[in-house]
Amino acid sequence: MRIELLLNGEKHLVEVQPPELLLDVLRETFGLTGAKPGCRNGDCGTCTVTVNGWPMKSCLMLAAEASGQAVVTVEGLGDADIQQAFVDKFAFQCGYCTPGFIMNIHALSSKHPQADEATIRDWLQSNICRCTGYEEIRQAVVSVLEGKVKGM
Amino acid sequence: MYWSGGTEIITLGRVNLVYTEAVIDLKHIPECRALAVNDQSLIVGSALTLSELYDSRVFPLLGETGSGVADRTSRNKITLGGNICSQFIYKEAVLPLLLTDSDLVIAGPSGARRIPIGQIFNGTLRLGSGEFLVQSVTDSQYLTMPHFSIKKRKVAAIDYPVVTTAAIRTNSGIRLAFSGLCAFPFRSAALERLLNESKLPVAERVGLAASQLPAPILSDMKASAAYREIVWKNVLIDILTTLGE
Amino acid sequence: MKAIGRSVPKKESFDKVTGVAMYTADKVEARMLHARLALSPYAHARILSVDTSEAKQVQGVKTILTGDVSDVLIGEEIRDRPIIAREKVRYYGEVVAVAVADTEAAAKRAAELIRVEYEPLPVVNSPVDALRQDAPILHDKLGEYENEGRAVPVPGTNIASVNRLRKGDIDKGWKESEMIAENTVWFMPSDHAAMETRSATAEIRPDGYVVIDTSSQVPFTVKKYMANYFGIGSGWIVVQTPLVGGAFGGKSAIFLEPIVYLASKAVGGRKVKIVLTREEDMASAPVRIGLHATVKLGSTLDGYIKAAHITYRFDGGAYNDKSSDVAKAAVIDCSGPYGIPNLACDCFTLYTNHGFAAAFRGYGHSELTFAMERAIDALADKLGMDPWELRFRNAAVPGDTAPTRDLLTPSNLGDIKTCLNRLKILSEWEGWQVRQIDAYRIRAKGISCFWKNSSMDTDASSGAIILFNPDGSINLETGVVEIGTGTKTVLAQILAERMRMSPERIHVKLTVDTRTTPEHWKTVASRGTLLAGRAVLKAADDAIRQLLDIAACVLRADPEDLVLENEKVFVRADPSVNIEVREICYGYVYPNGNAIGGQIIGRGHYIQRRMNPLNPVTGEGTPGPEWNVGAQAVEIEMDTRDCSYRLMKAISVNDAGKVLNPEGARGQVMGAMAMGLSFANREGFDYNEQGMVLNPTLRDFSVLRYDENPSYIVEFIETPCLDAPYGARALGEHGMIGMPAALADALSRAAGVRLNQLPLYPETVWRARMGYSHVFL
């Protein structure tokens with residue numbers, strides 16, 4: 001079936017199989033391998049992208065469902081604050097979970113620039129990082145949210 | 001097969017526990033996406049996601065109980081209808097609807113019907129062939145009643161429940177519903193009668209509670225029955241103390 | 001300008017935050033074929049028949065491989081494992097067939113249609129079961145297997161290896177002891193759960209080259225063993241490894257590479273790719289070792305430990321792989337960082353019907369530490385002595401001997417007593433150890449010490465090449481795999497420090513290609529900084545010598561009068577006489593066009609000094625270069641009603657020798673602490689009575705998530721190791737080692753009952769409190 005994707009700001013008409021996951025279409029059709037498979041079961045968050053600005057696990061979504069929706073992957077972020085914050089705060093080691101975290105936090109900072117601790121926890125518990133103790137990730141989130149609030 | 005968030009069909013399909021030739025996506029039916037509140041009632045479309053319900057704050061008990069399911073990003077996809085019609089035994093989002101004696105709107109080949117949840121939900125939602133859940137309709141008076149919702153897990157912040165409990169205090173007493181305790185979610189009139197027996201001390205009511213369960217306490221990888229019972233009883237004490245005054 | 005001691009961001013930082021960073025499975029090629037596995041649903045069964053006829057009908061299927069495809073047995077210590085199961089399956093998730101097809105979906109469909117008929121066999125479900133007289137024997141040909149000579153199997157039993165260690169006079173030790181304490185601990189196998197599941201591709205080119213891309217910590221080991229197993233000249237094997245998405249020891253085993261090689265061979269050499277699902281990565285691929293251990297300690301009444309007898313029963317799983325070597329590492333350091341004069345250790349690595357064990361971060365050390373530290377706490381209880389004090393009194397110091405009888409020196413042994421003293425202050429140990437917060441909540445602290453030597457092959461070595469660019473910057477190539485530890489960046493810092501230039505001017509090759517990259521033994525054992533760091537220093541010296549030689553010509557000065565700094569060579573006594581490195585690093589051209597020199601290429605290598613293997617009867621030997629130490633504490637708050645608890649605070653004081661990259665080092669230690677706590681708090685496979693793994697997903701096998709962690713306090717002391725670059729000691733694993741023991745200690749104090757089983761689920765604690773007998777298979 002043919003779907004229209006608004007992917008990283010560009011319109012694409014693309015042929016997909018009905019059961020194909022958004023994750024696989026992003027990786028195999030578009031070469032956007034920043035979305036990583038980690039469990040294909042919705043458990044780990046490594047494949048997180050945003051759909052209409054909301055974080056979405058691309059392993060829990062059919063490509064067909066994304067038709068007509070605005071999908072952004074880590075490759076399409078451009079130059080988001082959270083990317084620099086991850087570098088500054090040493091918020092990754094192996095880097096495999098990083099794109100998923102970044103997409104989730106990027107969405108959080110735009111939807112809830114004044115997110116409280118409970119909201120941050122609620123959102124970020126969607127992703128697993130196996131390398132860090134999450135402390136550096138917390139610092140990166142806090143620095144980005146503080147920047148948002150200051151910029152308001 | 002009907003599709004709403006589709007998370008369960010995707011994940012179970014991957015390991016061949018669900019097979020379907022085709023799916024019908026319900027989230028483009030406007031009624032399934034409705035969220036409307038007036039003086040009399042609240043209408044919640046079955047294809048609203050658990051995140052949308054939580055963020056809307058129109059039905060705090062439903063929002064909070066639903067927010068215990070999976071994790072936030074997954075709940076951006078998991079819908080109310082999907083959770084209630086789940087193959088898994090937990091279906092935690094049904095608990096607030098049971099507590100508030102909500103009606104369900106069911107559609108099928110012979111049209112739509114509205115039916116009290118107590119008549120169609122018994123462990124699972126007893127849908128007829130070709131039927132699907134469209135909406136729930138909840139009496140608005142319940143939306144502001146004191147409530148309590150708590151999910152106890154084995155150890156992790158994201159997991160299936162050892163026991164999830166939702167409760168509200170109505171004029172006629174405290175109502176309670178449970179998921180994870182037995183092999184299905186339930187609300188029990190006998191149990192509510194016992195727990196509202198205000199002449200008995202709280203500890204005594206809770207001590208007798210297990211005798212009023214509709215089925216044996218579950219024993220599985222998440223908790224043994226003995227431990228589940230302890231966890232559950234402590235939750236009951238907390239609820240009766242918090243909502244009891 | 002100092003290059004070391006600075007928090008230089010990882011060289012691959014921007015690749016990793018923009019999604020550009022490539023991992024093995026990210027390579028997508030149109031012509032590539034895909035393989036999927038068919039796995040055993042039984043933990044122990046005879047294979048009666050394999051029917052692939054239906055699978056072969058699936059559109060797009062190229063071939064189906066079964067055990068018949070190869071009779072090669074593989075294994076690094078004992079060659080006991082078929083690449084694809086033959087005759088028997090010995091664990092749940094063992095590979096019984098492989099489907100190769102045009103698409104992954106077709107391969108998956110075909111793999112599901114492979115019909116295997118099994119005859120179930122009785123299951124060995126624990127190391128204790130494995131030792132029973134009537135236990136089913138997993139390997140009836142144990143005596144016939146090829147053996148590298150490091151494992152000591154006992155044919156006719158389930159014992160894959162027996163290692164013993166004797167130091168001092170154990171009988172004398174018991175005689176001198178006035179108090180005896182004995183304690184038994186256990187835990188089941190568990191998983192590495194790296195976020196990137198294992199993956200590999202293989203192709204056999206028309207000219208005969210075998211090219212393997214693999215998500216591995218050990219590309220050079222893959223090359224070596226592929227040559228051994230299949231009789232291919234090692235020059236014909238090219239192994240390529242890009243960035244690796246977490247490894248933790250789990251990617252130091254050879255697993256997918258022979259499978260995917262056989263698959264490629266079966267389809268005429270076409271490139272075949274395999275990416276494991278999470279379930280396969282957990283149930284089928286190598287796991288973390290399990291243990292059942294008993295430690296008996298004897299001490300004087302004032303707490304000086306005189307004797308220790310340690311018995312390990314390791315759950316090595318269905319095949320030996322590295323389990324006997326992990327076990328040996330636990331033997332080597334069995335006493336923990338304590339100067340115990342009389343020691344006996346009996347170690348059994350056992351075959352069970354569980355997934356086979358590979359290395360896991362710590363390589364036997366959080367295992368041995370859990371056993372020893374819980375016994376120390378038991379002894380402290382019996383003596384009525386403060387557990388910190390008992391540890392301090394017995395802490396090993398220079399002049400003591402290690403269990404292997406190596407003499408401990410200020411260089412090869414970190415400073416345990418200083419670590420303990422700092423821990424006492426940071427944890428406010430003297431203030432309180434347990435206290436009631438309100439009616440239901442109790443807070444408690446627990447402590448642990450650790451030490452760890454590495455136990456690598458005695459000839460483990462590393463190499464480095466540095467190449468200058470025309471702009472005077474340097475390309476650095478080493479065989480260390482970037483698995484997330486930041487070692488490649490630290491190596492750039494080491495190089496920059498020696499070259500007296502900025503680390504930003506060092507370009508690092510992040511990927512490994514065994515055809516062009518100098519060999520680094522394995523990216524394991526926290527040894528990248530030592531082995532590759534020393535090689536880098538040597539390469540730097542080699543390059544400096546060349547730079548000074550050519551500068552000497554140009555500047556008409558003796559090379560010995562010249563100094564290199566800030567990418568300039570100048571005369572020490574007269575810096576106005578100088579030349580820029582970029583003018584000489586590609587040779588120097590005189591004004592008349594004459595030229596001398598050429599591109600500067602520095603080379604260096606390093607091999608461990610004077611290592612030798614252990615005597616299997618006495619345990620005597622020199623297994624590794626130094627013992628790195630630390631002391632740790634955990635504070636928890638427990639609800640006494642259901643024993644649920646929160647991790648409040650975790651502290652680690654590590655002797656780092658010299659901290660090369662402070663933020664990087666802190667991140668390594670914190671991450672390791674988190675992994676240790678996660679393991680102790682919640683990680684373990686649930687096996688049913690038939691040996692099936694019930695939780696091979698990240699849904700049911702949970703690991704710590706955001707905000708489930710305690711607040712972390714990491715402190716370094718610096719006692720230099722004289723052999724290591726700038727004195728830096730190993731760091732990457734050490735933060736995790738004492739965490740399980742410290743958590744168990746804290747929880748035991750809160751619960752008022754000694755906890756010896758992992759993971760410490762609240763229910764586990766509750767059961768112990770209620771006096772229920774331990775559930776142990």
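Because the structure is predicted, anything quoted here is derived from the model rather than measured. Labels below follow one simple rule: chain letters A, B, ... track the order of the sequence lines, proteins then strands, and each chain is numbered from 1.
- Of the atoms belonging to C:Ala25, heavy atoms from both backbone and side chain fall under 4.5 Å from chain A.
- The side-chain heavy atoms of A:Gln84 and C:Phe14, taken from C-beta on, include a pair separated by under 4.5 Å.
- Shortest non-hydrogen contact noted between C:Lys10 and A:Phe92 is NZ-O, 3.1 Å.
- Both the backbone and the side chain of C:Ala193 come within contact range of chain A, judged by heavy atoms closer than 4.5 Å.
- Taking chain A as the reference chain and counting heavy-atom pairs below 4.5 Å, the highest number among C:Asn709, C:Val28, C:Leu243 is found for C:Asn709.
- Contact of the A:Glu136 side chain with the C:Arg666 side chain is not registered, since no non-hydrogen atoms from C-beta on lie closer than 4.5 Å.
- More than 12 heavy atoms of other residues, nucleotides or ligands shown are found within 6.0 angstrom of CD on C:Glu29.
- The OH atom of A:Tyr96 sits 6.5 Å away from atom CG of C:Asp26, with the distance rounded to the nearest 0.5 Å.
- A:Thr33 OG1 to C:Tyr23 OH: the interatomic distance, rounded to the nearest 0.5 Å, is 10.0 Å.
- A:Tyr134 places a side-chain N or O within 3.5 Å of a backbone atom of C:Leu704 that can act as its donor or acceptor partner.
- Residue-level contacts of residues 35-53 of chain A with chain C, in order of numbering, are A:Lys36, A:Pro37, A:Gly38, A:Cys39, A:Asn41, A:Asp43, A:Cys44, A:Thr46; threshold 4.5 Å between heavy atoms.
- Your options are C:Glu104, C:Met670, C:Met195, and the one with the most heavy-atom pairs under 4.5 Å with chain A is C:Met195.
- With a threshold of 4.5 angstrom between heavy atoms, A:Asp88 does not approach chain C through any atom at all.
- The backbone N or O of C:Thr485 sits nowhere less than 3.5 Å from a side-chain atom of A:Gln93 that would complete a donor-acceptor pair.
- Closest heavy-atom contact between C:Gly246 and A:Cys94: N-CB, 3.2 Å.
- Of all the listed residues (C:Arg705, C:Arg278, C:Lys16), the one sharing the greatest number of non-hydrogen pairs under 4.5 Å with chain A is C:Arg705.
- Atom CG of residue A:Asp122 and atom CG of residue C:Asp707 lie 11.0 Å apart, to the nearest 0.5 angstrom.
- Contact of C:Ser7 with chain A is made through backbone and side chain together, with heavy-atom distances under 4.5 Å.
- Heavy atoms of other residues, nucleotides or ligands lying less than 6.0 angstrom from CZ of C:Arg682 number more than 12.
- If you measure heavy-atom distances from C:Asp700 to chain A, you find no contacts under 4.5 Å at all.
- Contact of C:Val669 with chain A is not made at all, since no heavy-atom distance falls under 4.5 Å.
- A donor-acceptor contact shorter than 3.5 Å is absent between the side chain of A:Arg130 and the backbone of C:Val703.
- If you measure heavy-atom distances from C:Met22 to chain A, the contacts under 4.5 Å come from the side chain alone.
- With a threshold of 4.5 angstrom between heavy atoms, C:Thr277 does not approach chain A through any atom at all.
- Proximity to chain C (any heavy atom under 4.5 Å) is restricted, for A:Phe90, to the side chain, taken from C-beta onward.
- The two residues A:Val87 and C:Pro9 have their closest heavy-atom pair at CG1-CB, 4.2 Å.
- Note that the CE atom of C:Met673 and the OG1 atom of A:Thr132 stand 13.0 Å from one another [nearest 0.5 Å].
- With a 4.5 angstrom heavy-atom cutoff, A:Glu28 touches chain C via backbone and side-chain atoms both.
- For C:Glu482, no part sits under 4.5 Å from any heavy atom of chain A, backbone or side chain.
- Listed in order of number, the residues of residues 65-81 of chain A that approach chain C to under 4.5 Å between heavy atoms are A:Val74, A:Glu75.
- For chain A, the nearby parts of C:Leu698 are the backbone and the side chain; heavy atoms of each come within less than 4.5 Å.
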